[in-house]
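Here the structure comes first, spelled out in structure tokens, and everything after it is commentary.
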Amino acid sequence: MNAALEAALAGRLAQQRERHRYRERHVTQGVGVRTSRDSREMLAFCSNDYLGLAGDPRLAASLAEGARRFGTGGGASHLVCGHNEAHTRLEARLAEWTGCERALLFSSGYQANLGVISALLGRGDTALHDRLNHASLLDGTRLAGARLERFTHADVEDCDRRLASFDPARRRLVVTDGVFSMDGDTADLAALTTQCEKHRAWLMVDDAHGLGVLGARGRGTREAQGLASGDIPILVGTLGKALGTHGAFVAGSETLIESLIQFSRPYVYTTSLSPALAWATLTSLDIVEREPERRAHLAALIAHFRREAAGLRDLGLEPMPSRTPIQPLVLGAESDDRVDNDRAALDMAQALEEKGIWCSAIRPPTVPAGSARLRVTLSAAHEMADVDRLLEALFAVARRLAPWEEASS
Ligand SMILES: *Cc1c(COP(=O)(O)O)cnc(C)c1O
């Protein structure tokens with residue numbers, strides 16, 4: 001053991017605990033929303049498995065078949081000898097699904113975002129981000145060495161003003177989540193597209209939480225907002241959320257994809273995605289297309305939750321204006337004691353846990369200081385009665401725990 005290393009790290013860990021920001025992992029068993037947490041039965045409302053596909057036996061069967069036919073592991077990077085028929089088929093299918101010329105697989109969404117931004121931008125260029133963008137998009141900008149600027153969340157006018165202030169001779173990339181992962185609201189893609197055209201800037205949309213879920217055919221935020229398929233020049237999607245497998249892809253023009261293959265270090269210097277997973281993801285896409293009833297059921301759950309959860313506002317839990325499966329409840333929006341909110345979020349999550357409901361507390365720095373929340377996510381694998389059970393637990397816990405309520409009454 002190295003004493004200097006231990007001392008340096010222990011201090012930081014202690015500080016993390018004092019700030020109520022210490023993060024812990026829990027062991028789950030089984031699949032889907034009826035699971036267990038550290039050996040206790042739980043009804044989960046915290047996964048991104050929005051269509052309930054992660055535990056679908058048809059995907060498991062395809063995964064096994066894919067492993068037999070193409071291998072469990074890719075064995076090498078895509079550019080050496082790890083690119084196989086399962087990858088080719090999935091890329092073709094994803095291109096067709098998104099309406100883009102081509103698609104390129106990445107090992108994860110995090111890596112795709114590092115890979116795109118670092119391939120497209122360099123020193124002196126600017127990435128202009130929505131303030132609530134996913135961390136991987138910010139990290140991609142850092143890897144690129146580009147200037148990182150942010151516009152006020154969902155404020156297209158602020159985006160416009162900032163774009164106008166950048167040197168038009170340099171590359172300018174506007175970056176946004178399609179669905180914001182901690183808030184559940186969506187970007188206005190039509191307005192951003194128009195602005196990027198006006199300023200000759202580029203637009204990149206990370207639709208990790210929209211694909212599979214939004215739009216009549218599950219083609220994501222773009223489809224839900226009525227934009228044509230070619231309108232988003234750089235689209236990132238992940239396979240580990242609604243599609244129930246793992247990995248990610250970038251979709252766009254032939255030129256974009258070829259540029260990534262040549263210049264994206266996070267693409268080049270890594271082992272290819274498991275071909276078995278690529279094969280299983282083809283089955284996910286079949287299900288996404290052929291079983292729209294999953295989206296219809298999910299939409300009914302969301303509508304029910306939104307209607308009933310409105311009453312939580314009086315108990316200090318503020319529902320956010322989201323129409324997606326991400327339905328966060330922000331703690332003590334009126335209170336200005338930030339540390340208290342962080343702790344209250346943890347206390348609530350724990351009280352819910354005692355009632356067999358698993359719903360994660362999200363604290364800074366994942367969300368802005370003072371906006372700790374319970375991030376409730378709904379899935380097509382839930383039944384209406386599950387949502388009622390969640391609501392009942394939320395009301396009971398909020399009545400008991402909301403400290404600001406007692407203070408003001
Ligand atoms: C989950 C997520 C990612 C990362 O994707 P992984 O495949 O889990 O690495 C990227 N962007 C957004 C918006 C996400 O929600």
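Atoms within each ligand, like the ligands themselves, are counted from 1 in listed order. This is a predicted model, so every value here is computed, not measured.
Applying the ring pair (Phe, Tyr, Trp, His ring centres under 6.0 Å) test to residues at least two apart or on different chains, the pairs with a partner in residues 270-309 are Phe70-Trp279.
The proximity of Gln111 to ligand 1, defined as any non-hydrogen pair under 4.0 Å, does not occur for either the backbone or the side chain. Residue contacts with ligand 1 for Leu137 are absent, since no atom lies close enough (heavy atoms, distance under 4.0 Å).
The protein heavy atom nearest to atom 4 (C) of ligand 1 is Tyr110 N, 3.5 Å. Of the protein's non-hydrogen atoms, the one nearest atom 1 (C) of ligand 1 is Lys241 NZ, 1.4 Å.
The distance from ligand 1 to the heavy atoms of Asp177 drops below 4.0 Å at these ligand atoms: 13 (C). Atoms of ligand 1 lying under 4.0 Å from any heavy atom of Ser108, numbered from 1 in the order shown and given with element: 7 (O), 9 (O). Heavy-atom proximity to Asn113, at under 4.0 Å, picks out these atoms of ligand 1: 10 (C), 11 (N). The distance from ligand 1 to the heavy atoms of His209 drops below 4.0 Å at these ligand atoms: 14 (C), 15 (O). Within ligand 1, counting atoms from 1 as listed, the ones closer than 4.0 Å to a heavy atom of Ser136 are 10 (C), 11 (N).
Glu91 is listed as a side-chain neighbour of His83, based on a closest heavy-atom distance under 4.5 Å.
In terms of polar-atom proximity, defined here as any N/O pair under 3.5 Å, Gly109 does make such a contact with ligand 1. Ligand 1 has no nitrogen or oxygen under 3.5 angstrom from a nitrogen or oxygen of Thr238.
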Table please: side-chain donor-acceptor pairs of residues 211-219 below 3.5 Å, with sequence neighbours left out.
from: Arg219; atom 1: NH1; to: Trp97; atom 2: O; distance (Å): 3.4
from: Arg219; atom 1: NH2; to: Glu289; atom 2: OE2; distance (Å): 3.3

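Under the 6.0 Å distance and 45° angle rule, Arg172 does not count as a cation-pi partner of Phe166.
Of the N and O atoms on the side chains of Arg373 and Ser371, at least one donor lies less than 3.5 Å from an acceptor on the other residue.
The two residues Asp125 and Arg171 have their closest heavy-atom pair at OD1-N, 3.2 Å.
In the candidate list Thr176, Asn48, Asp206, Asp206 is nearest to atom 10 (C) of ligand 1, counting heavy atoms.
Distance check, rounded to the nearest 0.5 Å: CG of Leu94 to CG of Leu104 gives 10.5 Å.
In this structure, Trp358 and His26 have perpendicular ring planes: the angle between them is above 60°, well past the 30° mark.
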